[in-house]
Amino acid sequence: MRINNITPVSFGYSKKSQEYLEQNAARIQEPELRDALLLCSDTCNKMEDVIRANEKKYGPMYSISNYVDFFVALKDTLLSHIVLLFDDSDKYIQSEYSYYSSALNRCKNSEDNWRASVIDRLKLWNSNLGKTKEEMQVELEQNRQYAEIGKATFMEAFQDTPDDMAKATSTDTAPVIETLAKTEFSPKGMQDVMGMDSLKKELIENIIEPVNNPQQAKLDFEEYGKRIPSGILLYGPPGCGKTYIIEALAAETDSKVYVINSGNTGSKYVNQTANNIKNAFDTVFTEGDKSEKPVFIFMDEIDAMTSNRDESSNGEDTKAVATLLKCIESAKAHNTIVIGATNKYDLMDPAIRRRFDMKRYVGLPEQEHREALIRNNLSAKTKGKKILGEDEKIKSIAQSLQGYSSSSINIIANLAALNALDRGRADIDICDFKKAIETTGEEKIDEKPYKPMAKKDKIGFATSFFND
């Protein structure tokens, strides 16, 4: 009999199992490992109480899904380490299984059938129930990234108190996903984006027009197989307008943009990083399924979530990347366009890069772009009107700003205005820009480190652009 055959299952823990664990843990020589193992077990038990209490208070599974996800991650880790540490671990697993089987008989008519799927998610439980110790060990070796996170990682994951760990799943923690907030400086559309003419043209032709004119997009697909890209990756030096142009894209299409906060996806708790990513995408997919227009999910600094998998990668990094791969692949089916931005193209996992149909380098502004940035900045200042009529001065200032990012140019232009104010409220002039360049903390950028080292991923649409 396998756990997969069970329908409704009641949460709870067996005292017999707990006694087994405490007796065997006493034989572990490393006190840190022993304490971590017992803490993990104790937290599992307490999380079951948390789930039970919240379920009774709030009702639907949705309101306690974070607690359930956390419980599954803890239980999976606990089962894995018990198998690795104790030769007679099958006694513990069978004891737990017997407890759940008894609970099944007590809640056959329960409406909580979703509990069955939770128990099904315990990989080690499902694969090892009814198997010999030797068979279990072979399976663990074959799938070690899930079964053995290592003693150091294990102890680090459970070094805090159960209360601290429970907070990791509460709604009070920093949000993983947010809607893109508009400010007074947000662009109204592509006309507010200085330079980047080629990129703007492609976004208009391949995303903005198809989204705003679905009938024409349908005809283009039927006659030519043209599709809206399911993924866009913008890469290049910081401060060159990657986020700004995404804001303009959202304004042009009047679409919702959800931002994944890469700083909040990471977690020291086992499986939680992957769960955070999945939960964020699931939230957006729900909105995409309800929306007539595609919705956007934007991941700034995507390299922080998709580090290149190699020998130095740990199991948590691998699971996070694998989860993100699945989410990106599922986006099209949920009316969602994935957008990534990074300053570290070569540090991204190659498999993640390949999932983006459209990859574009957003580099430092050229001369014409710099002139446009300066004019745009000065046009909002009455003391900048005079110099706007002197083209040669604008060109000279733009030449002196070669190598600076778009954001740095705006900072320098604002500093130049303050320099003119210090000169007795004078009109902004070229001397003010010269002083601003000399005194600013902004630095020129060498573009080489931000461009791909290899030529495997060509800049432009991938060959899969017109394919599924």
Do side-chain atoms of [X] reach the backbone of [Y] as a donor and acceptor pair under 3.5 angstrom?
X: Lys200; Y: Gly195; answer: yes
X: Thr286; Y: Asp282; answer: yes
X: Lys293; Y: Thr253; answer: yes
X: Ser379; Y: Asn376; answer: yes
X: His369; Y: Met194; answer: yes
X: Glu442; Y: Ile412; answer: no
X: Ser400; Y: Ile397; answer: yes
X: Glu252; Y: Met190; answer: yes

I need the minimum non-hydrogen distance between [X] and [Y], along with the two atoms involved.
X: Gly189; Y: Ala248; answer: O-CB, 3.6 Å
X: Ala331; Y: Val338; answer: CB-CG2, 3.6 Å
X: Lys381; Y: Ile428; answer: CD-CD1, 4.0 Å
X: Ala251; Y: Pro187; answer: CB-O, 3.8 Å
X: Ile207; Y: Pro229; answer: CG1-CD, 4.0 Å
X: Leu233; Y: Tyr345; answer: CD2-CE1, 3.8 Å

Measure the shortest side-chain to side-chain distance between [X] and [Y] over non-hydrogen atoms and say whether it is less than 4.5 angstrom.
X: Lys444; Y: Tyr404; answer: yes
X: Asp300; Y: Phe298; answer: yes
X: Leu401; Y: Ile374; answer: yes
X: Lys344; Y: Glu301; answer: no
X: Gln215; Y: Asn213; answer: yes
X: Val257; Y: Thr179; answer: no
X: Lys393; Y: Asp429; answer: yes
X: Ile328; Y: Phe356; answer: yes

Should the heavy atoms of other residues, nucleotides or ligands under 6.0 Å from [atom1] of [X] be counted, would the total exceed 12?
X: Glu443; atom1: CD; result: no
X: Gln399; atom1: CD; result: yes
X: Lys326; atom1: NZ; result: no
X: Gln367; atom1: CD; result: yes
X: Glu368; atom1: CD; result: no
X: Asp254; atom1: CG; result: no
X: Lys256; atom1: NZ; result: no
X: Lys218; atom1: NZ; result: no

Would you give the length of the straight line joining atom [atom1] of [X] to atom [atom2] of [Y], rounded to the nearest 0.5 angstrom?
X: Leu199; Y: Leu249; atom1: CG; atom2: CG; answer: 9.5 Å
X: Leu37; Y: Ile82; atom1: CG; atom2: CD1; answer: 6.0 Å
X: Ile260; Y: Glu178; atom1: CD1; atom2: CD; answer: 11.0 Å
X: Tyr244; Y: Ser186; atom1: OH; atom2: OG; answer: 7.5 Å
X: Ile352; Y: Ile302; atom1: CD1; atom2: CD1; answer: 6.5 Å
X: Leu234; Y: Cys240; atom1: CG; atom2: SG; answer: 11.5 Å

Any ion pair linking [Y] and [X] (charged N to carboxylate O, less than 4.0 Å)?
X: Lys395; Y: Glu371; value: no
X: Arg375; Y: Asp391; value: yes
X: Asp349; Y: Arg353; value: no
X: Lys435; Y: Asp432; value: no

Give a yes or no on whether the ring-centroid distance for Tyr235 and Tyr361 is below 6.0 angstrom.
-> yes
Test Ile228 against every option in Asp357, Asn206, Ile337, Ile208 by the side chain to side chain contact (heavy atoms under 4.5 Å, CB included) rule and name the one that passes.
-> Ile337
Side chain to side chain contact (heavy atoms under 4.5 Å, CB included), paired with Lys278, selected from Leu324, Thr283, Thr323 | Thr323
Is it true that [Y] and [X] share a donor-acceptor pair across their side chains at a distance under 3.5 Å?
X: Asn343; Y: Lys242; value: yes
X: Ser405; Y: Ser408; value: yes
X: Asn414; Y: Asn377; value: yes

Sequence neighbours excluded, which residues qualify as side-chain contact (heavy atoms from CB on, under 4.5 Å) partners of Lys434?
-> Glu438
Chi angles and distances behind the side-chain contact (heavy atoms from CB on, under 4.5 Å) call for Phe285, Thr336 = CA-CA 7 Å; Phe285 289 166; Thr336 300; 3.6 Å; yes
Is there a side-chain contact (heavy atoms from CB on, under 4.5 Å) between Gln216 and Glu209 once you walk through the steps?
-> CA-CA 9 Å; Gln216 183 62 47; Glu209 289 180 351; over 6 Å; no
Derivation and outcome, salt bridge (Lys or Arg N to Asp or Glu O under 4.0 Å), residues Arg370 and Glu366 = CA-CA 6 Å; Arg370 295 194 296 273; Glu366 300 290 342; 5.3 Å; no
For Asn335 and Val295, run side-chain contact (heavy atoms from CB on, under 4.5 Å): C-alpha distance rounded to whole Å, both residues' side-chain angles, the deciding distance at 0.1 Å, then the answer.
-> CA-CA 7 Å; Asn335 198 28; Val295 298; 5.7 Å; no
